[in-house]
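Residue numbering restarts at 1 for every chain, and letters A, B, ... go by the order of the sequence lines.
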Protein chains: 2
Amino acid sequence: MLSKKTKYGLKALTFIARNGDDVPVQVGVIAKSEQIPQKFLESILLTLRKSGVLASKKGKHGGYYLRSEPSEIKMTDVMRVLEGPIAMVPCVSLNYYEKCDDCPDETLCSVHKLMIEVRDSTLNVFRNTTLADLSSVD
Amino acid sequence: MLSKKTKYGLKALTFIARNGDDVPVQVGVIAKSEQIPQKFLESILLTLRKSGVLASKKGKHGGYYLRSEPSEIKMTDVMRVLEGPIAMVPCVSLNYYEKCDDCPDETLCSVHKLMIEVRDSTLNVFRNTTLADLSSVD
DNA sequence: GTAATCCCTACTAAATTGATAGGATTAATA
DNA sequence: TATTAATCCTATCAATTTAGTAGGGATTAC
């Protein structure tokens, strides 16, 4: 299951992208429009900022804005920040690889074999989708 | 993340498939060989039996065996039983569809759009992979 | 009838998720 | 400079899910 965190994060990013990049968008505005608990959304946007996807402006008339063009923001990056590793098991993760305690030989492990396939196909989607694709109304 | 339940279930199915279909395999044998807590594995194999993937024989010299040929057991079926819906959100699930409370219009939802893609690519893997593929040693 | 095996229900500890609370910090503007 | 409106940060918490454990009942081979 997709976590609420990721769902809210994607919705918020889409909202910001659709808004255009002239002025920063406030958390409160997004929360109200997208029906997201404001405090929860605050923490989500904070992690997106810390990870470099979003930038922010503090104080009055502050808010969040995209650090790059929507077409430059890949889902691989966004999903890794919000949802964590794309691989369903650490032993097939590109960025967070970890050997299984049990598995004596990965090449013989059926789970490993299957999860490599799943990882690759999912990765293929995320690599070829940007925030611009999500934000377009087609 | 893939649950342990699914991981153990897949390993057990692979073990049974590799064993050949002449005699039933006991839970204890699988648990020992694959380093899976026996009682936990018992409950997993039970759900696989109830869902029609496995069949069992009770009593002495009993155990579990495949109900069909490995090449006939699709990962779509196995994964749905073990891990639940393949879609990451209910609003893109083929078998467990549910409308989002928030989303007024799915066609405008960016999360929906992205998750359709992910679902399709994952489904493509599971539809084209059978237990025979997992069990082969190539 | 006894041993081995699946079957079933109930319980539980730990981790994760989805928040909420309260305030500190920063910046615009009157 | 005081006020207001924002982000930023830390801590806490209830509910749910996960990953098991416990104990015994039912069935079958021998």
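Rounded to whole angstrom, the span from the CG atom of B:L2 across to the C1' atom of D:dT18 amounts to 13 Å. A straight line from CZ of B:F40 to C1' of D:dT17 spans 11 Å, rounded to a whole angstrom. The nearest whole Å value for the distance from the CE atom in B:M1 to the P atom in D:dT17 is 17 Å.
Residue-level contact check: B:K50 touches the backbone only, with heavy atoms under 4.0 Å from sugar-phosphate atoms and none from bases.
No donor-acceptor pair closer than 3.5 Å links the side chain of A:S33 to the backbone N or O of A:I30. Between the side chain of B:K113 and the backbone N or O of A:D133 there is at least one donor-acceptor pair closer than 3.5 Å. In terms of modelled atom types and a separation under 3.5 Å, the side chain of A:K57 and the main chain of A:Y65 share no donor-acceptor contact.
Listed here is the closest heavy atom pair of B:S71 and B:T130: O-CG2, 3.3 Å.
Residues forming a side-chain hydrogen bond (donor to acceptor under 3.5 Å, both in side chains) with A:D120 (at least two apart in sequence, or on another chain): none.
Each of B:V81, B:I44, B:L82 was scored for a side chain to side chain contact (heavy atoms under 4.5 Å, CB included) with B:T6, with one residue passing: B:L82.
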For this session: Would you give a per-nucleotide map of nucleotides 2-7 of chain D, 5' to 3', where B means the base has a protein non-hydrogen atom under 4.0 Å away, S means only the sugar-phosphate does, and - means neither?
Result: --BBSS
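Taking the side chain as every heavy atom from C-beta outward, B:L131 and B:V53 never approach each other to under 4.5 Å.
Side chain to side chain, B:S93 and B:N95 fail the donor-acceptor criterion of an N or O pair below 3.5 Å.
Taking 4.0 Å as the cutoff to heavy atoms of chain A, we find the contact window on DNA chain C bounded by C:dG18 to C:dT29.
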